[in-house]
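Step one of this worksheet: look at the structure below.
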Amino acid sequence: MNVCLRGKRCAKVLIICLLLSLILTVWISLQLSPIITSLSVNTSDCECHPNEDNAHHKAKDMSSTETSSHRLAVVVPFRDRFDELLTFVPHMKTFLKKQGIDYKIYIINQMDVYRFNRASLINAGFLISRPECDYMAMHDVDLLPLNANLSYHFPTDGPFHVSSPQLHPKYHYKTFVGGVLLIRGEHFEKVNGMSNNYWGWGLEDDEFYVRLKEANLFISRPQGITTGINDTFRHIHSTHRKRDTIRLFNQKEITRKRDRKTGLNSVQFRLKSVNEVMIDRSAVSVYNVQLICDLSLTPWCQTRQTIASKGPKAANS
Ligand code: UDP
Ligand code: MN
């Protein structure tokens, strides 16, 4: 304090003090900013940090001479498959990078109380990814491509079924289109996406096959692949993952028919939040979605336990 009583010198010391505290404030805020962004749930925050392992992966494969302006949305319908996700994300990153694919992975996490609905999650994932991507891979989280010749490039001619019946480890019927299917945005729109009636396991992909067929979209499949059903994919489906195959109300009857009413234009969901999750050094976006079920149309969206405890008209959550 004594120093400050001496006029000009006092002013100098004050200015130095002010400058020092300014520098200190800037330094502290720089140190804190990574913590704030890592807590954020907003995807755009993540994209502000140019990082090799960020959600967008620009084509970098120098062996590929073609310059492609296409971007792939890897849309993964998801619930309670964290173990598989830990393997899926780094595997896909390595696999797609080798092909020079520009892509983003969209994990569509179903967080409502209803039975799993793979098709509605794919519809939601398509709508979420559409502004950023012009084609989509409808991709199971537990199916890992092993053969580098399985192309994930833009399917110019029509839908490309990567996990064809000749290559999929489990499903070998001719009209199978599940597992991994590449489709251009406009083709998915043309068929009004997938039916929203399929709660629980199975048949939604078979109904989608009929949609493609009726729209005269020819499904092509990998050619000249020398691996087979045991070594083209790894199906990391543990035996404790039981498939939800029960059929409730008139589900069996309705889901065996072609659905001409529901689809991309009628899917209803709430996007509750988005998490940027780092798995090893790969960032992946998890979209937390609550599907909305019209109980008067598809009461079988409810679990058997819900029906038993609340009666068939349990309210929307
Ligand atoms: N899935 C999920 N949680 C579930 C059920 C299914 O995440 O409770 C997703 C996951 O991406 C999975 C896909 O839906 O790979 C297909 O389901 P599943 O593996 O049971 O069918 P499969 O093709 O093995 O008969
Ligand atoms: Mn599976």
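Order of listing sets the numbers, starting from 1, for every ligand and every atom in it.
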Starting from [atom], find the nearest protein heavy-atom neighbour and note its residue, name and distance.
atom: atom 8 (O) of ligand 1; result: R81 NH2, 3.5 Å
atom: atom 19 (O) of ligand 1; result: D142 OD2, 2.9 Å
atom: atom 7 (O) of ligand 1; result: R79 N, 2.9 Å
atom: atom 23 (O) of ligand 1; result: Y171 CE1, 3.5 Å
atom: atom 11 (O) of ligand 1; result: P77 O, 2.8 Å
atom: atom 16 (C) of ligand 1; result: D140 OD2, 3.5 Å
atom: atom 20 (O) of ligand 1; result: H237 CE1, 3.3 Å
atom: atom 17 (O) of ligand 1; result: W201 CD1, 4.6 Å

query = Between the main-chain N or O of S238 and the side-chain N or O of E84, is there a donor-acceptor pair closer than 3.5 Å?
reply =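 Checked: no pair found.
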query = Is a side-chain donor or acceptor of S163 paired with a backbone partner of V180 at a separation under 3.5 angstrom?
reply =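 Side chain of S163 to backbone of V180: a pair is present.
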Test item: side-chain donor near acceptor, S120 and N196, under 3.5 Å = yes
key: Within reach of ligand 1, part of R243 (heavy-atom separation under 4.0 Å)   = side chain
ask   = Where on H235 is there a heavy atom closer than 4.0 Å to ligand 1, on the side chain, on the backbone, on both, or on neither?
value =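 The side chain, only.
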inquiry  = Which residue in the set F208, F176, Y171, F218 passes ring pair (Phe, Tyr, Trp, His ring centres under 6.0 Å) when paired with H161?
reply    =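 So, applying the ring pair (Phe, Tyr, Trp, His ring centres under 6.0 Å) to H161 and each of F208, F176, Y171, F218, only F176 qualifies.
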key: CZ/R256: more than 12 non-hydrogen atoms of other groups inside 6.0 Å   =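 No, not enclosed.
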query = Is R234 atom CZ crowded by more than 12 heavy atoms from other residues, nucleotides or ligands, each under 6.0 Å away?
reply =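 Check fails, neighbour count at 12 or below.
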Would you say ligand 1 has an N or O under 3.5 Å from any N or O of [X]?
X: R118; result: no
X: V141; result: yes
X: K170; result: no

request  = Kindly give the heavy-atom pair with the smallest separation between P159 and I183, and that separation in Å.
outcome  =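 Looks like CG-CD1, 4.1 Å.
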message = Run H153 and F160 through ring-ring contact (aromatic ring centres under 6.0 Å, His included) and show every step you take.
response = CA-CA 9 Å; H153 286 278; F160 182 68; over 10 Å; no
task = Could you give me the CA-CA distance, side-chain angles and deciding distance for D140 and R118, then say whether salt bridge (Lys or Arg N to Asp or Glu O under 4.0 Å) is met?
result = CA-CA 9 Å; D140 285 359; R118 178 176 175 269; 3.3 Å; yes
ask   = Closer than 2.8 Å to the Mn ion (ligand 2), which protein N, O or S atoms?
value = D142 OD2, H235 NE2, H237 ND1
query = Using 4.0 Å as the upper bound for N to carboxylate O, is an ion pair formed by E186 and K190?
reply =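 Answer for the salt bridge query: no.
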ask   = Are L86 and V76 linked, directly or through other ILVMFWY residues, by side chains that come within less than 4.5 angstrom of each other?
value = yes
request  = For atom 1 (N) of ligand 1, state which one of F176, F116, F82 supplies the nearest heavy atom.
outcome  = F116
